[in-house]
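All remarks here apply to the structure that follows.
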Amino acid sequence: MSFGPMPLANAFLSEADIASEEFYPLEPAICERCGTFQLTTQPAPSRLFRSGYPFRTGSSTRMVAHFTALAAELRRRCAEERPLVVEIGANDGTLLAALTAAGCCAIGVEPVNECAAAIRARGLEVVEGFFNAATAGAIAAAHGCADVIVAANVICHIPDVHDLAAGICRLLEDAGLFVFEDPYLGDMLEVGSYDQIYDEHVFVWSATSVAAAFQRHGLELIDVQPLRTHGGSLRYVLARTGRYPAAPSVEEVLAHERARGLSRRDTYERFRSACEASRDALSTLLHRLHDQGRRVEGYAATSKSTTVLNYGRIGPTLIQRIADSTPAKQGKLTPGMHIPIVSPEHFMADPPDFAVLFAWNHAAEIFEKARAFPEGGGRWIRFVPDVRILD
Ligand code: TMP
């Protein structure tokens with residue numbers, strides 16, 4: 001399946017950078033044997049997660065609350081007085097801070113230098129670099145083994161799963177837990193959220209594929225929990241094989257995935273048709289509004305929007321500006337389609353007739369913050385789970 005040539009999802013750029021913009025083929029595939037859904041080509045992680053990487057966890061107050069709850073749950077799962085928790089991909093330290101407040105000894109691993117600096121500035125501990133078997137060994141040597149290794153929206157970014165798993169096995173206490181959450185393949189198929197497919201998401205995991213990938217390394221899936229974050233995620237809990245009994249949720253989800261054909265080719269043939277229909281419906285709507293002389297803008301220059309805009313060839317003629325609260329994105333252009341990004345304050349000062357909600361996964365929070373937009377007569381456009389103008 002091909003989404004065509006794509007720029008890097010988070011490579012927001014200035015006019016001067018346009019000539020050197022890089023593209024790669026965005027082509028996911030499914031393995032019918034182990035059920036793994038992954039990109040067939042991925043730009044090297046060192047090109048994606050480097051200085052200038054703009055995403056910050058703390059930009060969503062609901063995600064901050066979500067991570068506070070996750071920290072409390074991890075603390076509850078540990079009997080130790082002050083468990084050692086290592087977070088892979090700690091971003092701005094949101095979860096590390098919550099873990100520390102919950103009474104854990106928390107250490108982050110983070111490759112983006114500005115993020116690592118932000119973590120240190122909060123007085124938290126961070127190892128700067130990518131998590132792999134070597135980093136894991138160094139942390140174990142310096143601090144001992146971890147009671148919990150946790151990652152949120154990060155494991156799907158790591159192409160070398162086997163090196164990752166080797167690192168987990170090296171660092172994790174015998175009785176320890178490896179807990180991670182990522183956007184869920186089942187939800188992506190259910191709601192047609194093809195915008196989950198972009199360079200950083202080298203995998204879109206399911207219980208089937210997680211169980212298959214990690215069992216080779218002596219790690220067993222012992223619990224799964226559905227989450228509403230990122231438009232539908234799954235939290236996976238793994239431990240050394242045979243150490244704990246698996247919760248009934250694991251077999252329930254695996255059976256559900258078998259019944260829904262998550263490893264079957266025809267499922268993805270239907271998904272491809274659904275993606276094409278969604279792309280065409282959005283494009284038709286935007287062209288119609290443009291022909292009627294209506295002004296359309298976007299809200300939230302998400303990484304996911306890079307797929308939607310470039311797959312649909314939607315540029316500044318159809319969407320004149322996109323509002324985003326991230327200072328590092330404001331004043332820049334979106335990757336590939338070069339739509340200018342402004343602050344939400346600019347957007348509200350001169351609101352358009354319609355706004356496409358690219359951060360549909362943060363709809364509740366954004367509808368609350370931007371209440372004045374519909375109150376002033378503006379209309380929201382959504383494209384997941386269907387393309388429509390909201391009342
Ligand atoms: P995400 O979908 O990858 O979490 O990215 C969310 C993007 O949406 C990020 O660029 C920040 C932006 N955003 C806003 O502009 N306003 C908001 O209220 C929220 C929650 C996010």
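For clarity, every value in this text was computed on a predicted model and none was experimentally measured. Counting from 1, the numbers follow the sequence of the chain as shown. Whatever order the structure lists ligands and atoms in, that order sets their numbers, starting from 1. FYI, side chains are in, hydrogens and waters are out, and symmetry mates aren't considered; it's all heavy atoms of this structure.
The existence of a salt bridge linking E128 and R120 is confirmed by a sub-4.0 Å separation between a basic side-chain nitrogen and an acidic carboxylate oxygen. We find that R264 and E269 are not joined by a salt bridge, their nearest charged nitrogen and carboxylate oxygen being 4.0 Å or further apart. Of the charged side-chain nitrogens involved, at least one lies within less than 4.0 Å of a carboxylate oxygen, so that R260 and E190 count as a salt-bridged pair.
Note: no N/O pair closer than 3.5 Å links E365 and ligand 1 by distance alone.
For atom 4 (O) of ligand 1, the nearest non-hydrogen atom of the protein is H362 NE2, 2.9 Å. Regarding atom 17 (C) of ligand 1, its nearest protein heavy-atom neighbour is K369 NZ, 3.4 Å. For atom 12 (C) of ligand 1, the nearest protein heavy atom (residue, atom name, distance) is D324 OD2, 3.3 Å. For atom 7 (C) of ligand 1, the nearest protein heavy atom (residue, atom name, distance) is T302 CG2, 3.7 Å. Protein heavy atom at the shortest distance from atom 8 (O) of ligand 1 is A300 CB, 3.4 Å. Here the protein heavy atom with the shortest distance to atom 14 (C) of ligand 1 is S325 OG, 3.2 Å.
Ring pair W205/F203 is parallel by interplanar angle, where below 30° counts as parallel and above 60° as perpendicular. Ring planes of F178 and F214: perpendicular class, angle over 60° (limits at 30 and 60°). Aromatic ring pairs are classed by plane angle as parallel below 30°, tilted from 30° to 60° and perpendicular above 60°; the pair H230 and H362 is perpendicular.
Per-residue contacts place F55 under 4.0 angstrom from the following atoms of ligand 1 (heavy atoms of the residue considered): 1 (P), 3 (O), 4 (O), 5 (O). Here is the list of ligand 1 atoms found below 4.0 Å of a heavy atom in H230: 4 (O). Less than 4.0 angstrom separates some heavy atom of T326 from each of these atoms of ligand 1: 9 (C), 10 (O), 11 (C). Under a 4.0 Å criterion applied to the non-hydrogen atoms of K329, ligand 1 contributes the atoms 9 (C), 10 (O).
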Might you work through the salt bridge (charged side-chain N to carboxylate O under 4.0 Å, His left out) test for R235 and D182, ending with a clear yes or no?
-> CA-CA 7 Å; R235 180 176 293 158; D182 270 330; over 6 Å; no
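Contacts between F358 and ligand 1, counted as non-hydrogen atom pairs separated by less than 4.0 Å, are absent for every part of the residue. Only the side chain of N361 comes within 4.0 Å of ligand 1, judged by heavy-atom distances. When heavy-atom distances to ligand 1 are checked against a 4.0 Å cut-off, K304 comes that close only through its side chain, counted from C-beta outward.
Counting only N and O atoms by type, the side chains of E365 and S60 include a donor and acceptor under 3.5 Å apart.
Of the possible donor and acceptor atoms, one in the side chain of K329 sits under 3.5 Å from a partner among the backbone N and O of A301.
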